[in-house]
Undergrad: 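Submitted below is the structure of interest, expressed as structure tokens.
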Amino acid sequence: MVTVREMKASDVEAVSEIEHEAFSMPWSAEDFLEMVEADYAHYYVAESNGRIVGCCGVRNLMGEGEITNVVVAASYRRQGIGRQMLEYLLREVKTLGIGDCTLEVRVSNTPAIRLYESLGFQGEGIRPNFYEKPVEDALIMWKR
């Protein structure tokens, strides 16, 4: 069973390890700790049997939400955990007074794009060469 909860400082090392497995330019534990401590940021983890298996976060930027760091540990993917975390996050943003939400995703990341679309996000633009290692465009998606 997987539960989603607010991220704590004690979670940042585990989350950083998942980031390093998944991304070519991962955030460090210090980056995540900064977000846990920031009053404008709200980060959540998915936990299974006491183990952190995923993370997602949102930053409140003048009443709009910037969703970042949607990641699930490789051995836990394709089990609905990403959806569960994002549904939790989207419920939370309403209570936080955050309106529209945006995120960026690699244009080649079809599984993530499909997930975001199923949650009501729509592609609204491209950021050329946004990602590095490898260089790739980002699809900008919004849920309004």
Undergrad: Identify the heavy atoms of V15 and M7 that sit nearest to each other, and give their distance.
TA: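 Heavy-atom minimum between the residues: CG2-CE, 3.8 Å.
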Undergrad: With clusters defined by side-chain heavy atoms of hydrophobic residues (ILVMFWY) lying less than 4.5 Å apart, directly or transitively, does F23 cluster with F32?
TA: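 Looking at the clustering, F23 is in the same group as F32.
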Undergrad: Does Q122 CD have over 12 foreign heavy atoms under 6.0 Å away?
TA: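 Open.
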Undergrad: With a 6.0 Å cut-off (strictly less than), is the heavy-atom count around CD of E21, excluding the residue itself, greater than 12?
TA: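 Yes, CD of E21 has more than 12 neighbouring heavy atoms, counting only those of other groups under 6.0 Å.
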Undergrad: Quick check: is V71 connected to V2 through a chain of hydrophobic side chains (ILVMFWY, heavy atoms under 4.5 Å apart)?
TA: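 Different clusters: V2 never reaches V71 through Ile, Leu, Val, Met, Phe, Trp or Tyr contacts under 4.5 Å.
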Undergrad: Please answer whether the main-chain N or O of V58 pairs with a side-chain N or O of T68 as donor and acceptor at a distance below 3.5 Å.
TA: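 No, the answer is negative, given that no donor and acceptor are paired below the 3.5 Å cut-off.
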Undergrad: side-chain contact (heavy atoms from CB on, under 4.5 Å) between W142 and E64: does it pass, once the steps are laid out?
TA: CA-CA 10 Å; W142 281 90; E64 290 183 339; 3.5 Å; yes
Undergrad: Same cluster or not: are V36 and I67 linked, directly or through other Ile, Leu, Val, Met, Phe, Trp or Tyr residues, by side-chain heavy atoms under 4.5 angstrom apart?
TA: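 Looking at the clustering, I67 is in a separate group from V36.
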Undergrad: Does E117, at its CD atom, have more than 12 non-hydrogen atoms belonging to other residues, nucleotides or ligands within less than 6.0 Å?
TA: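 For E117, atom CD is crowded (more than 12 foreign heavy atoms under 6.0 Å).
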Undergrad: Determine whether M141 and I126 fall in the same hydrophobic cluster, where Ile, Leu, Val, Met, Phe, Trp and Tyr are linked whenever their side-chain heavy atoms lie under 4.5 Å apart.
TA: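 Same hydrophobic cluster.
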Undergrad: Can you name the one residue among V4, L119, L103, I81 that meets side chain to side chain contact (heavy atoms under 4.5 Å, CB included) with L86?
TA: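 The single option meeting the side chain to side chain contact (heavy atoms under 4.5 Å, CB included) with L86 is L119.
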Undergrad: List the steps and the verdict of side-chain contact (heavy atoms from CB on, under 4.5 Å) for C55 and I18.
TA: CA-CA 9 Å; C55 164; I18 295 169; over 6 Å; no
Undergrad: Name the one of E87, M85, Q79 that satisfies side chain to side chain contact (heavy atoms under 4.5 Å, CB included) with R83?
TA: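 Result: among E87, M85, Q79, E87 is the only option passing the side chain to side chain contact (heavy atoms under 4.5 Å, CB included) with R83.
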Undergrad: Under 3.5 Å, which donor-acceptor pairs link side chains of residues 131-139 to any protein atom two or more places apart or in another chain?
TA:
unit_1 : atom_1 : unit_2 : atom_2 : d
Y131   : OH     : E104   : O      : 3.3
Y131   : OH     : V105   : N      : 3.4
E136   : OE1    : R106   : NH1    : 3.0
E136   : OE1    : S108   : OG     : 3.3
E136   : OE2    : S108   : N      : 2.8
E136   : OE2    : S108   : OG     : 2.6
D137   : OD1    : N129   : N      : 2.8

Undergrad: About how many Å separate CD of E19 and OG of S28, when rounded to the nearest 0.5 Å?
TA: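 CD of E19 is found 9.5 Å from OG of S28.
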Undergrad: Is Y76 reachable from V45 through a run of I, L, V, M, F, W or Y residues, each pair having side-chain heavy atoms under 4.5 Å apart?
TA: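 As far as the 4.5 Å side-chain criterion goes, Y76 and V45 are not connected within one cluster.
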Undergrad: Just to verify, what does Y88 make a ring pair (Phe, Tyr, Trp, His ring centres under 6.0 Å) with, not counting sequence neighbours?
TA: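 Testing Y88 for ring pair (Phe, Tyr, Trp, His ring centres under 6.0 Å), a comparison that skips the adjacent residues, returns Y44.
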Undergrad: I'd like to check Y43 versus D11 (side-chain heavy atoms, cut-off strictly below 4.5 Å). Are they in contact?
TA: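 When only atoms from C-beta onward are counted, D11 and Y43 do not touch, as no gap falls below 4.5 Å.
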Undergrad: Can you tell me how far apart CD (E13) and CG (L33) are? Round to the nearest 0.5 Å.
TA: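 Here the interatomic distance stands at 9.5 Å.
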Undergrad: What distance separates H42 NE2 from M35 CE, expressed to the nearest 0.5 Å?
TA: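 Interatomic distance, H42 NE2 to M35 CE, rounded to 0.5 Å: 11.0 Å.
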Undergrad: Rounded to the nearest 0.5 Å, what's the gap from OG on S16 to CG on N69? Could you check?
TA: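 Taking OG in S16 and CG in N69, the distance rounds to 10.5 Å.
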Undergrad: Which pairs, with at least one residue in residues 98-129 and sequence neighbours excluded, count as a ring-ring contact (aromatic ring centres under 6.0 Å, His included)?
TA: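 Not a single pair qualifies under ring-ring contact (aromatic ring centres under 6.0 Å, His included).
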Undergrad: Find the distance between CD (E17) and CD1 (I52) and round it off to the nearest 0.5 Å.
TA: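 Going from the CD atom of E17 to the CD1 atom of I52 covers 11.0 Å.
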